[in-house]
Amino acid sequence: MTSHIADVLIPLALDTAYSYAVPIGLSLKEGDVVQVPLGTREVVGVVWALRPGAGGNFKAVTDLIEAPRLSPKMRKFLDWVAWYTLAPKGSALGMGLKLADSERAEVIRVGVRLAGPPPKRMTPTRQRVIDAAADRLVRLKRELAHEAGVSAGVIDGLVDEGTLETVALLPERAAEPPDPDFSQTGLSDDQRAAAALLVSIMGDIPSPVSLLEGVTGSGKTEVYFEAVAEAVRQGRQALILMPEIALTAQFLDRFEARFGAKPASWHSGITGRKRERIHAGIASGDVKVVAGARSALFLPYSNLGLIVVDEEHETAYKQEDGVHYHARDMAVVRGRIENAAVILASATPSIESRTNVERGRYRHVQLPERFGGRQLPQIHTVDLKRETIPPGRWLSPSLINAMHETLARGEQALLFLNRRGYAPLTLCRSCAHRYECPNCSAWLVEHRFRRSLVCHHCGHVERTPQACVACGTVDSLVPCGPGVERIAEEAAELFPDKRRIVLSSDFPGGTERLRAELAAIAAGEFDVVIGTQLVAKGHNFPLMTLVGVLDADIGLTSGDPRAAERTFQLLQQVTGRAGRGDKPGRALVQTWQPDHPVIAALVSGDAERFYREETRVRELAGLPPFGRLASLIVSATEREGAETHARAMAKVAEPTAGITVLGPAEAPLALIRGRYRYRLLVKTERDVDLQAYLRAWMARCPKTRGNTRVAIDVDPQSFL
DNA sequence: AGCACGCCGACT
DNA sequence: GTCGGCGTGCTC
């Protein structure tokens, strides 16, 4: 006989909580983490609701798990995320709980110190240890061994002899507490005014959202640090969200310079004990400031006062597997639920954030100038219709001249081409065979360095053949078009004595080496940098005064409705790399269409102009002006199955008022790997509740349950 | 997510 | 004759 029933949500792809009987003697509260039987196994779940009643038909809750209880606000947030993203509630819970499930007791760390008489048998190594420990301070075993230049075994021996004693140390803190008044950075008048505005509205209810817009180098970070300081002064927590790649030592050092301690940092590389400590510290409120990638949004903050979304326009904030969500949008919602202020910071704000400013939903805080009077780069177009470039070459005479001038002054030049590999297309010169991917029929891209042909769609790799696979002719492969590797070859011929580096996401050696190379560039160890969009983001290169965009038209013609916006942002970011420090920089943008609105807006530096143009272009294309786009991803184990399925769903959807299927969109790489998936892009008219329609739509295709994932790109503000 | 159940192909 | 491949569906 029990008197209560617990509805337990389990972090699996289940949309409903399951009911369990609460055994007598187990006192539960809503939000408690519990263990329950499910089928043949035991799983962890969270009490989502508790109600009176006899649980005769139900299995019983096994036990209460020692883990921080999920607050009502956290549960509300997860419910909202599940509703908004059309994901099962259990999947949403998975994001908030998986972080906690390895909670184990903290091991007590031990240190050693000199305490007893010398050992009976003295040896030279033992003597070195005793000398090193002569000050009688407590040291970690490893540290002492290192200091004395001996192995840990010697220390153990001395502990057994009683010469050294072990001492329990306090557990290491997840993060040292930041001091909001550690050091005030010298802010300019503009920065001070912006910071004061952000700080002044922090306690407002409903919690305010601010768009902090400032060009590269205008000191956005220092400005939002003042808001972080204010949150800490108020005894509340602050979260700084950033794209994973931007979470660098450089950023943590800047934070430390301002606050005297590093923030807790949270990203996929933080594992094990450290992860648990930070998690527990956030739940208890000990950790005051977290700098993290998007998953940090789902941590159990006990008293969140501020969320900063740095580089808010970044597409990396979009999670495209499992639950689909945009971390920036979810941050706005979590801020509202937690009564925390939200600051969206960017040099190139997204269209939806601009729109929210225009509609008066977000406050616009602008930083007009580069800090310290730095100049914005001069941007010029190079009209490819007017310049003569020999076949097989891609650098225009204008760009080559500019490079000579720049390099002669000992400054750096960046050649930007958003295309990995050597050549995007490979043909056989004798039979015109075109190398395509066996899985997705996309062109295979030659990677000369790796001696292979790579599909940039699904990751398929094959060795570059010696002879044509179709006609057998030897050495007949012709590369068509340029990739960064080929540009590097051209630069090597033109500037043989200059130090060059090629950077792209397939850079050998992984993220760590990449970060080291970025630092080396900043330190001036290279003259010419050739890179893909990787170089557009995050890092500052103080010696770089020239940026050459080799083909500004890439991306403008893709079928993606956000192509223009993305290209504009990317080009504005990459040209913004030029002229840091006190050197004015310039950017040369090679293009076939100098009059294209994106290029024109880029050259004039007029983002507003771009935005107006973009809105007009979208209207002409029949697209909604912003947001209100959704993509449905239908997955199946066979390619044909997914495609047929998607088309069937489209048929059901078309007659539904307000939803138009725009057609298939290219599925992102992550979705293709492993399983074949198919993505449809749909739009809705103004004032149509997309969520409701998609729900109805999915209900009419019952077989799609669990097979369909829906990514929604709608302004969440309209649902608050 | 697991795990069971079920339906077809190749083996001691 | 079974063993085991995966495809499908359920878990309070």
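Lettering follows sequence order; numbering is per chain, from 1.
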Scan residues 5-17 of chain A for pairs that pass salt bridge (charged side-chain N to carboxylate O under 4.0 Å, His left out), counting only residues two or more places apart or in two chains. A:D7-A:R51

Give the rounded distance in Å between these two atoms: CG of A:L14 and P of C:dC12. 10 Å

A:Y18 OH to B:dA1 P: how many Å, rounded? 14 Å

Would you kindly give the NZ-to-C1' distance between A:K89 and B:dA1, to the nearest whole Å? 20 Å

Mind calculating the distance between CG (A:D7) and C1' (C:dC12) to the nearest angstrom? 9 Å

Would you list the protein and nucleotides 3-6 of chain B atom pairs, both N or O, that sit under 3.5 Å from each other?
none

Could you go through the side chain to side chain contact (heavy atoms under 4.5 Å, CB included) check for A:L70 and A:F77 one step at a time? CA-CA 11 Å; A:L70 266 66; A:F77 176 59; over 6 Å; no

Heavy atoms only, 4.0 Å cut-off, all strands: where does A:P37 land among base, sugar-phosphate and nothing? sugar-phosphate

Rounded to whole Å, CG of A:L38 lies from P of C:dC12 at a distance of 5 Å

To the nearest angstrom, the CG-C1' distance between A:L12 and C:dT11 comes to 9 Å

Please list, chain by chain and in numerical order, all residues satisfying ring-ring contact (aromatic ring centres under 6.0 Å, His included) with A:F58, sequence neighbours excluded. none

Salt bridge (charged side-chain N to carboxylate O under 4.0 Å, His left out) contacts touching residues 283-297 of chain A (sequence neighbours left out): none

Qualifying residues under ring-ring contact (aromatic ring centres under 6.0 Å, His included), relative to A:Y435, sequence neighbours excluded: A:H433

Once side chain to side chain contact (heavy atoms under 4.5 Å, CB included) is applied, do any residues pair with A:T315, and if so which ones, sequence neighbours excluded? A:R566

Separation of A:E42 atom CD from B:dG2 atom P, in whole Å? 14 Å

